[in-house]
Amino acid sequence: MLARVTAASSCPEGTDAYTLSIQAGGCCMRFSTMFGRTWREIPSEAETESHRLSLRAALVRQIAAGIYAYLPLGWRVLRKITQIMREEMDAVDGQEISMPVVQPAELWRASGRYDAPAPGPALLRFKDRGDHDMVLGMTHEEVVTALARQEINSYRQLPLMVYQIQTKFRDEPRARGGLIRVREFVMKDGYSFHADTNSLDTYFERIHQAYLNVFARCGVQVFAVEADSGIFGGSQSYEFMVLSSIGEDTLVTCAACGYAANAEKATFVKGEAAKGDLLPIEKVATPGASTIQAVAAMVGVPTRQTLKAVFMSDLEGQVIFALIRGDLEVNMTKLSNALGGVELHASTTDELKAAGIVPGFASPVGVQNVRVIADESITTGTNFVAGANEPGFHLKNVNYPRDFTAEQVTDIALAQDDDPCPNCGQPLRTSRGIEAGHIFKLGTKYSSAMEATFLDSDGTAKPLVMGCYGMGTGRLLACIIEQNYDERGIIWPTSVAPFQVHLVSLGTNNPQVVEAAEVLYQELLDGGFDVLYDDRAESAGVKFNDADLIGIPVRITISKRTIEANSVECKLRRGESVELVERAQLAGWIRQALA
RNA sequence: CGGGGCGUAGCGCAGUCCGGUAGCGCGCACGGUUCGGGACCGUGAGGUCGGAGGUUCAAGUCCUCUCGCCCCGACCA
């Protein structure tokens with residue numbers, strides 16, 4: 001008990017123990033009194049490895065769908081992560097602030113997002129006791145713009161960046177994957193303000209590098225990819241993708257030249273279909289041929305000589321006729337963006353019937369009452385095979401614009417494996433990734449809407465040019481686990497491990513061992529190390545298995561055996577071999593191991 | 001919001017088809033024996049079987065409604 005009090009003295013009351021440990025080291029915890037116990041069995045509700053391990057290792061506990069509480073071990077990791085974010089944001093002149101989670105609806109009305117379809121029900125709305133409309137902040141562009149309007153008057157104050165590490169709530173239709181996709185989460189979000197786009201562009205490069213630094217320091221490998229910025233984005237955006245089979249996004253990359261983009265955004269060389277003199281339309285019987293493959297085979301042409309029709313409907317039930325060359329697929333995000341960002345769903349049978357469309361044999365020729373959006377690929381060939389809008393028949397020699405019109409001809413094609421790279425022509429590869437960060441140029445979208453202006457050097461008032469930079473903390477924690485575990489448990493990178501040293505005492509029945517362990521514990525704390533001290537009266541197997549599960553980088557075992565050798569046993573979590581280290585050499589050994 | 005699955009002790013599960021005193025393993029508490037890779041013996045605590053109605057002499061089990069959680073899809077500023 002005496003040792004315990006002494007140990008606690010290295011984390012003085014009324015002081016932020018964690019900050020101390022970052023700066024001076026030496027924070028402590030006894031396993032026997034730690035809040036939250038590890039689980040021996042695998043929770044059935046968890047599907048992904050990071051989810052299973054974060055529950056089993058007592059990092060987090062689920063409170064409701066997509067809503068989690070952090071236990072001491074998980075919270076310590078989260079704070080290590082956010083501290084790294086702070087340091088990197090400060091390094092690019094960021095100033096930390098804190099903005100409210102509860103926000104007045106008025107601000108969201110001002111930006112136009114309160115009633116816009118885009119956030120829609122994901123924005124949780126409620127009234128306070130004064131009957132004011134309020135929302136739970138799902139992001140903070142509105143608040144930060146309102147602040148900037150008050151605080152920034154002159155170009156002399158620019159550029160500047162503010163950031164916060166704050167809770168967000170997004171009422172997602174479906175939470176999943178443990179901490180990967182949640183409804184309530186802590187996010188690092190930053191906002192920069194500039195007098196012009198040149199300044200934004202310059203700063204964008206710095207923040208881009210700062211993001212790479214954060215991920216590197218957290219021990220995760222990311223791909224920075226060009227991303228779709230959605231209808232609220234600006235000219236350019238990058239997502240930072242952690243490669244993972246459980247990722248919800250698809251990345252398209254080129255090993256040859258380094259091209260990398262989200263599949264929603266990726267382009268590729270589409271090639272051209274055969275060209276020839278325009279021939280007259282000819283109707284051919286194609287009984288039962290309702291797929292592109294079947295039609296091409298029956299008519300005797302390659303699939304790229306056919307036209308594929310894909311039907312989507314907007315919320316009002318208006319049918320969108322997406323037309324693309326038969327060998328390509330439609331990219332829903334591009335299609336939606338072409339229509340101004342409307343929400344689309346696959347058309348129902350009833351909607352198609354109402355529009356007079358025959359699925360499987362649909363034709364752009366003579367179609368009415370639908371909006372036709374065509375991919376540019378249909379213009380690079382001639383004499384295509386298309387549906388006849390009549391069951392069992394197709395049309396040969398269909399040509400644009402001779403035989404049909406389209407409201408738009410643009411790029412709505414989905415890049416897939418082996419498509420040629422838009423830069424170098426080499427085959428593209430697709431892989432799955434988790435979006436761990438997103439930076440984008442907002443431009444004057446919010447500053448214009450909310451009249452956040454500054455007086456420029458020429459004496460005129462101009463809207464602030466903004467950039468926005470987001471990074472999820474809990475999601476990053478999950479990503480770190482996804483990339484750092486084995487069959488025994490988590491293997492934390494040193495930079496984010498909840499503790500540096502896991503001290504295992506074997507022989508809690510032996511006073512000599514207990515005494516020696518307490519002394520060693522105190523020495524380690526005095527030496528500036530963060531130590532989790534397993535002082536429980538458990539068997540060796542239990543303690544070792546928990547140590548492997550929790551995944552602290554250095555494990556130190558003290559027992560009767562090691563005391564007799566005037567040594568302790570040291571083992572790295574990342575590795576198999578154990579080493580007897582003399583007490584005098586211990587501190588040096590640990591420092592080297594943690595370096 | 002569509003499709004599927006599951007709610008029984010802290011965790012993992014059986015029991016539900018075919019109604020008849022609520023069980024098993026782990027964990028937890030106490031005593032003892034062990035003591036370097038999830039020890040053993042004994043004793044014990046802990047469950048309105050997610051909730052509400054209904055059928056029945058009798059409901060964990062059958063019926064209706066409802067709430068929650070998970071998975072696939074839709075969705076994801």
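Chain A is the first sequence line, chain B the second, and so forth, proteins listed ahead of strands; every chain is numbered from 1.
In this structure a side-chain-to-backbone donor-acceptor pair under 3.5 Å is present from T562(A) to S559(A). Using a distance-only test at 3.5 Å, with no hydrogens or angles considered, a donor-acceptor pair links the side chain of D417(A) to the main chain of T430(A). Between the side chain of D534(A) and the backbone N or O of F31(A), no donor-acceptor pair lies under 3.5 Å. The backbone N or O of V135(A) sits nowhere less than 3.5 Å from a side-chain atom of Q103(A) that would complete a donor-acceptor pair. A donor-acceptor pair under 3.5 Å links the side-chain atoms of N331(A) to the main chain of K334(A), judged by distance alone.
Atom CG in L503(A) sits roughly 15 Å away from atom C1' in G36(B) (whole-Å rounding). Distance, E264(A) CD to C75(B) P: 10 Å, rounded to whole Å. Following rounding to the nearest Å, M332(A) (CE) and C76(B) (P) show an atom-to-atom distance of 12 Å. Distance CZ (R561(A)) to P (G36(B)): 7 Å, rounded to an integer number of Å. If you take CZ of F31(A) and C1' of G38(B), they are 12 Å apart, rounded to a whole angstrom. As a whole-Å value, the separation of R56(A) CZ from G38(B) P is 15 Å. When rounded to the nearest whole Å, the span between CZ of F544(A) and C1' of G37(B) equals 7 Å. Atom CE of M187(A) is separated from atom P of C76(B) by 16 Å (rounded to the nearest Å).
Pairing of U34(B), defined by two Watson-Crick or G-U wobble distances under 3.5 Å, is not identified with any nucleotide. Both distances falling under 3.5 Å, in either a Watson-Crick or a G-U wobble arrangement, occur for no nucleotide opposite G27(B). The partner of C49(B) is absent, by the rule that a Watson-Crick or G-U pair needs both atom distances under 3.5 Å. As the counterpart of U56(B), no nucleotide is assigned, since no Watson-Crick or G-U wobble pattern has both distances under 3.5 Å. With both pairing distances under 3.5 Å, U21(B) is matched to nothing as a Watson-Crick or G-U wobble pair. Of all nucleotides present, only G5(B) satisfies the Watson-Crick or G-U wobble test against C69(B), with each distance under 3.5 Å. When both pairing distances are held under 3.5 Å, U61(B) makes no Watson-Crick or G-U pair with any nucleotide shown.
Annotation: G68(B) and G50(B) have their C1' atoms spaced 7 Å apart (nearest Å). Comparing G60(B) with A9(B), their P atoms sit 14 Å apart, to the nearest whole Å. Separation of the C1' atoms belonging to U8(B) and U61(B) is 11 Å when rounded to the nearest angstrom. Only the P atoms considered, A22(B) is 15 Å distant from U16(B), to the nearest whole Å. Going from the C1' atom of G54(B) to that of G19(B) covers 15 Å, rounded to whole Å. The same atom, C1', is picked in G7(B) and in G12(B); the two are 14 Å apart, to the nearest Å. Between G23(B) and C49(B), the two C1' atoms lie 12 Å apart (nearest whole Å). Spacing between G20(B) and G15(B) at atom C1', rounded to whole Å, works out to 14 Å.
Nucleic acid contact for T48(A): none, since no nucleic acid atom lies under 4.0 Å from a heavy atom of the residue. If you check every strand for non-hydrogen atoms under 4.0 Å, D548(A) touches a base. Among the atoms of the strands shown, none is found under 4.0 Å from any heavy atom of L123(A). Nucleic acid contact for R61(A): none, since no nucleic acid atom lies under 4.0 Å from a heavy atom of the residue.
Residue S539(A) places none of its side-chain N or O atoms closer than 4.0 Å to OP1 or OP2 of C35(B).
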Fill in the blank from the handout: Once base and sugar-phosphate atoms are separated, protein heavy atoms under 4.0 Å mark nucleotides 67-72 of chain B, 5' to 3', with B, S and - as --SSBB
Completion exercise
Reading nucleotides 40-45 of chain B from 5' to 3' and marking B where a protein heavy atom lies under 4.0 Å of the base, S where only the sugar-phosphate is that close, and - otherwise, the string is ------
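Among residues two or more places apart in sequence or in another chain, the side chain to side chain donor-acceptor pair (under 3.5 Å) test is passed with K571(A) by none.
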Enumerate the protein-to-nucleotides 25-30 of chain B contacts in which both atoms are nitrogen or oxygen and the separation is below 3.5 Å.
residue	atom	partner	partner atom	Å
G25(B)	N2	E41(A)	OE2	2.3

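Comparing G38(B), A74(B), G36(B) by their nearest atom to the side chain of T557(A) picks out G36(B). For T562(A), counting side-chain heavy atoms from C-beta on, the closest listed nucleotide (A39(B), G37(B), G36(B)) is G36(B).
If you look at Y238(A) and H208(A), their ring centroids are closer than 6.0 Å.
Judged purely by distance below 3.5 Å, without hydrogens or angles, the side chains of D189(A) and Y191(A) pair a donor atom with an acceptor atom.
Judged by distance alone with a 3.5 Å cut-off, a donor-acceptor contact links the side chain of R181(A) to the base of C76(B).
Taken to the nearest 0.5 Å, the CD atom of E226(A) stands 12.0 Å off from the CG atom of L251(A). Going from atom NE2 of H140(A) over to atom CD1 of I97(A) covers 9.0 Å, rounded to the nearest 0.5 Å. The distance from the CD1 atom of I558(A) to the OG atom of S505(A) is 7.0 Å, given to the nearest 0.5 Å.
The shortest side-chain heavy-atom distance between W108(A) and E106(A) does not fall under the 4.5 Å cut-off.
Identified under the ring pair (Phe, Tyr, Trp, His ring centres under 6.0 Å) test for residues 541-562 of chain A, with sequence neighbours left out: none. Sorted by first and then second residue, the side-chain hydrogen bond (donor to acceptor under 3.5 Å, both in side chains) pairs involving residues 465-475 of chain A (not counting sequence neighbours) are S192(A)-Y469(A).
Toward the 5′ end of RNA chain B lies the nearest nucleotide of A540(A), the other residue of the pair E435(A) and A540(A) mapping further downstream. Position along RNA chain B of the nearest nucleotide to W39(A) versus L344(A) favours W39(A) as the more 5'-ward residue.
R37(A) CZ: 12 or fewer foreign heavy atoms inside a 6.0 Å radius.
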